Structures are given as structure tokens and as C-alpha cells.
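Just so it is clear, the model here is predicted, and its values are computed rather than measured.
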Amino acid sequence: MKESIDLRDIIKIFDQGKKTIIIFTIVTVVITFVLSWFVMDEKYESKAVVQLSSGVQDTGIMSNYVATEFTPQIYMKRIQNDSFMKQVFLDNSSTEFDLKSLKVENPVNSNLVELSYLGETAEDAQTGLSLIMNETKNQMNSSVKETLDQLEQTYLNESKSLSKEIETLMDKYNNIVNSNALPEVLILQTMSSSQFVINLTGEQNQALRKINGGLQNELLQLKAQIDVKSMEYSSVLAKYQSVKTGLDSFKPDPFVRVIIDPTLEEFPTSPNKIFNIAVGLVLGLMLGTALVFARFYWKEVMKSN
């Protein structure tokens with residue numbers, strides 16, 4: 001057996017085994033042709049691009065909740081919720097949702113989300129991707145509204161609680177004023193941060209002069225508590241009104257903007273028939289060549305024995 005094979009031997013081996021190489025190449029090309037044209041299911045791909053932006057609209061007190069929800073990361077997590085999407089397709093589509101057919105990417109340092117979805121027909125792919133995008137936006141919308149509903153109820157309950165506390169303090173203050181026959185101007189002062197200048201009667205002046213230090217301190221403390229609770233109540237009430245107004249007018253459209261609508265492709269994305277045939281051609285050449293050299297090596301081994 002020769003220790004090495006020179007170029008002339010290689011050419012000779014190829015020449016002797018060219019029929020084998022050609023046969024293997026034709027067989028693999030025919031197989032890949034049959035598989036690509038008649039066996040493998042065609043798939044059409046629909047593509048879209050969505051922009052997530054929570055800063056496009058002044059939402060006041062809602063801004064933190066909107067900014068937390070409408071991000072590319074949250075959008076991608078929601079859109080890849082397999083169980084939710086399967087139910088969506090079950091309720092709204094004649095096809096089934098396949099998570100493997102969905103591709104979601106967020107380009108680095110951007111608020112864009114690139115989407116693609118495969119379907120058996122171009123219409124199925126486009127309809128499926130549109131359904132996925134719309135239901136994801138609706139889900140995000142519902143999530144924010146649910147959070148804001150809870151926040152609205154929290155502020156409402158807090159305002160009611162503060163109102164009762166203020167009412168209790170006012171009753172206590174008024175009882176002290178009435179039981180000591182004090183001027184009603186003191187009651188008015190608890191309802192306003194400004195001081196009223198009112199002409200008092202002689203009896204009222206005499207009643208004021210009889211107020212001792214303890215009673216005066218008690219009245220001052222009650223008024224201070226009423227003022228503090230009133231400011232808290234005003235703040236909570238303003239937040240409640242802000243959330244309620246924002247909730248009534250809230251729409252997800254400004255925050256989820258479709259840059260490229262789901263496409264309707266003319267030709268199938270897979271299988272890539274030309275690529276498959278090229279692979280079959282290369283594979284046939286490699287297998288045929290490997291067999292020819294293996295056969296040559298085997299003959300040389302047999303000769304040496």
C-alpha cells in the first residue's frame with residue numbers, strides 16, 4: 001500500500017469513481033427536490049414593527065404606572081404568553097397558536113419590537129400576527145386600567161376616612177365652643193386658613209376673656225389637627241380626581257404605535273427550495289466522493305494483505 005497519494009492518483013480515483021459521485025449527487029438532489037416541493041409544508045411569514053413609548057402623553061399621576069407597563073420588555077413577555085395566546089386563537093381564529101412560529105426581537109438601545117409569525121397561508125400569517133398584536137395591546141390596556149381602578153378606589157377610601165376624621169374633630173371642637181358659650185367666629189376659623197375680622201358682642205368678648213390656658217391649648221390643638229387633616233384630604237382628593245379623569249380618557253394607542261403593519265407575503269418563506277437543492281447537491285458530492293475514496297482505500301488494504 002502506498003504511504004501517500006499524489007495528485008495524479010487523486011485525479012485517477014475521481015475519474016474511476018465519477019459515476020458513483022454523479023449517481024449519489026443526482027439521488028440527493030432528487031430527494032431534496034421531492035421533499036421541498038411535495039413533502040415539506042410551505043410556511044408564509046408576516047412581519048411587523050411596533051414602537052413602545054410611555055412618554056408621548058402627559059398622564060400626570062398615572063405616568064409611573066404607564067411607564068412601568070408600556071416597555072419593550074413587558075410587551076415581549078406578554079406577547080409570548082403561550083397559554084394566553086392559545087386561548088385568544090381558540091376564541092378568535094380558525095387556526096391554532098404556535099409559539100415556535102412567533103419571533104420577537106428588541107433591537108439594542110431602542111424602544112422598537114420586531115415581530116414575525118409563520119402561517120400555512122399568507123393570510124393566516126398576517127391575520128395571526130394582527131390578532132397577537134391587538135390582543136397584547138388590549139391586555140396591557142386592561143392591566144393599566146385594573147391598576148388605576150385599584151388606585152382610584154384606594155384614594156376614594158382614603159378620602160372618605162379623612163373626611164370622617166375631620167368631621168369627628170370638628171364635632172369635638174364645636175362642642176367645646178358651644179358648651180363654653182364661645183363666639184361662633186371660632187367655628188368659622190376652623191373652616192378657613194384665613195382669620196375672620198368680625199365685630200363681637202359684649203357677651204362674646206367676655207366669654208373670650210374667660211378662656212383659660214388649658215381650654216385655649218385644647219382648641220388650638222384641635223384646630224391644628226383639623227388643618228392638617230384638611231390639607232391631607234385636599235391632596236388625596238386631587239389625586240383621586242386626577243386618576244379618575246385619566247382613567248376615563250385613557251387609551252393605549254399613543255403608547256403602542258405600529259410602525260409597520262403585518263405584511264402579506266407573496267411567496268412562502270419556507271422551505272427554501274433553492275437552498276435545499278444546493279445542500280442536496282453538496283451533500284451528494286461529499287457522500288459520493290467519500291464512498292469512492294473509501295472503496296479505493298479498501299482495495300489498497302486488500303492488496304497489501
Side-chain angles (χ1 to χ4, degrees), residues 1-49 76 79-80 82 85-86 89 93-110 112-130 132 260-305:
M1 181 178 176
K2 293 183 179 181
E3 294 294 330
S4 61
I5 300 176
D6 57 25
L7 181 59
R8 284 178 299 179
D9 290 333
I10 294 175
I11 295 174
K12 183 179 178 181
I13 294 170
F14 270 108
D15 184 60
Q16 292 176 348
K18 62 184 177 182
K19 290 184 179 180
T20 301
I21 296 174
I22 292 173
I23 290 173
F24 263 86
T25 303
I26 292 174
V27 169
T28 54
V29 169
V30 169
I31 290 174
T32 54
F33 176 85
V34 172
L35 289 174
S36 299
W37 260 267
F38 303 103
V39 178
M40 299 175 69
D41 294 330
E42 290 185 340
K43 293 288 185 180
Y44 290 80
E45 184 179 37
S46 181
K47 298 180 179 179
V49 177
M76 292 170 66
I79 209 167
Q80 296 178 93
D82 190 32
M85 287 302 171
K86 283 182 177 178
F89 270 65
S93 177
S94 59
T95 61
E96 292 184 2
F97 174 74
D98 182 11
L99 184 59
K100 294 180 181 179
S101 298
L102 177 65
K103 293 182 180 179
V104 185
E105 294 183 357
N106 172 220
V108 179
N109 298 325
S110 78
L112 299 178
V113 177
E114 298 175 352
L115 307 166
S116 68
Y117 187 71
L118 296 175
E120 294 183 359
T121 66
E123 291 77 12
D124 285 345
Q126 185 187 48
T127 302
L129 186 56
S130 297
I132 290 169
I260 299 177
D261 289 313
T263 58
L264 182 65
E265 298 298 330
E266 184 177 356
F267 301 103
T269 304
S270 64
N272 191 330
K273 299 174 182 179
I274 303 300
F275 175 78
N276 290 347
I277 290 177
V279 171
L281 177 65
V282 174
L283 184 62
L285 290 172
M286 292 175 62
L287 290 175
T289 302
L291 180 60
V292 168
F293 273 89
R295 186 171 59 185
F296 171 79
Y297 178 78
W298 178 255
K299 288 180 179 179
E300 289 295 319
V301 170
M302 295 299 293
K303 287 179 181 180
S304 62
N305 292 335

Locate the shortest heavy-atom distance separating [X] from [Y]; write the atom from each residue and the value.
X: R295; Y: G17; answer: NH2-CA, 4.0 Å
X: I132; Y: F89; answer: CG1-CE1, 3.6 Å
X: L118; Y: A125; answer: C-CB, 4.2 Å
X: V104; Y: L102; answer: CG2-CG, 3.9 Å

Donor-acceptor under 3.5 Å ([X] side chain, [Y] main chain):
X: T127; Y: D124; value: no
X: S46; Y: T263; value: yes
X: Q80; Y: M76; value: yes

How far does [atom1] of [X] sit from [atom2] of [Y], to the nearest 0.5 angstrom?
X: E114; Y: K47; atom1: CD; atom2: NZ; result: 9.0 Å
X: T28; Y: N276; atom1: OG1; atom2: CG; result: 12.0 Å
X: F293; Y: I21; atom1: CZ; atom2: CD1; result: 7.5 Å
X: I79; Y: M85; atom1: CD1; atom2: CE; result: 5.5 Å
X: E120; Y: E42; atom1: CD; atom2: CD; result: 10.5 Å
X: I277; Y: L283; atom1: CD1; atom2: CG; result: 13.5 Å

- [ ] Would you check if L115 and L129 make a side-chain contact, meaning some heavy-atom pair closer than 4.5 Å?
- [x]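 Yes, at least one pair of side-chain atoms sits under 4.5 Å.
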
TODO: Kindly write out the residues that satisfy side-chain hydrogen bond (donor to acceptor under 3.5 Å, both in side chains) with D261, not counting sequence neighbours, or none if the list is empty.
DONE: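 D261 satisfies side-chain hydrogen bond (donor to acceptor under 3.5 Å, both in side chains) with no other residue.
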
Task: Test ring-ring contact (aromatic ring centres under 6.0 Å, His included) applied to F33 - qualifying residues, sequence neighbours left out - done: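 With sequence neighbours excluded, F33 shows a ring-ring contact (aromatic ring centres under 6.0 Å, His included) to W37, given in chain and number order.
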
- [ ] Any pair with a residue in residues 100-109 that passes side chain to side chain donor-acceptor pair (under 3.5 Å), sequence neighbours left out, goes on the list, sorted by first then second residue, please.
- [x]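 Only D98-S101 qualify under side chain to side chain donor-acceptor pair (under 3.5 Å).
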
Task: Parallel, tilted or perpendicular: rings of F97 and Y117 (30°, 60°) - done: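 The arrangement is parallel - the two ring planes meet at less than 30°.
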
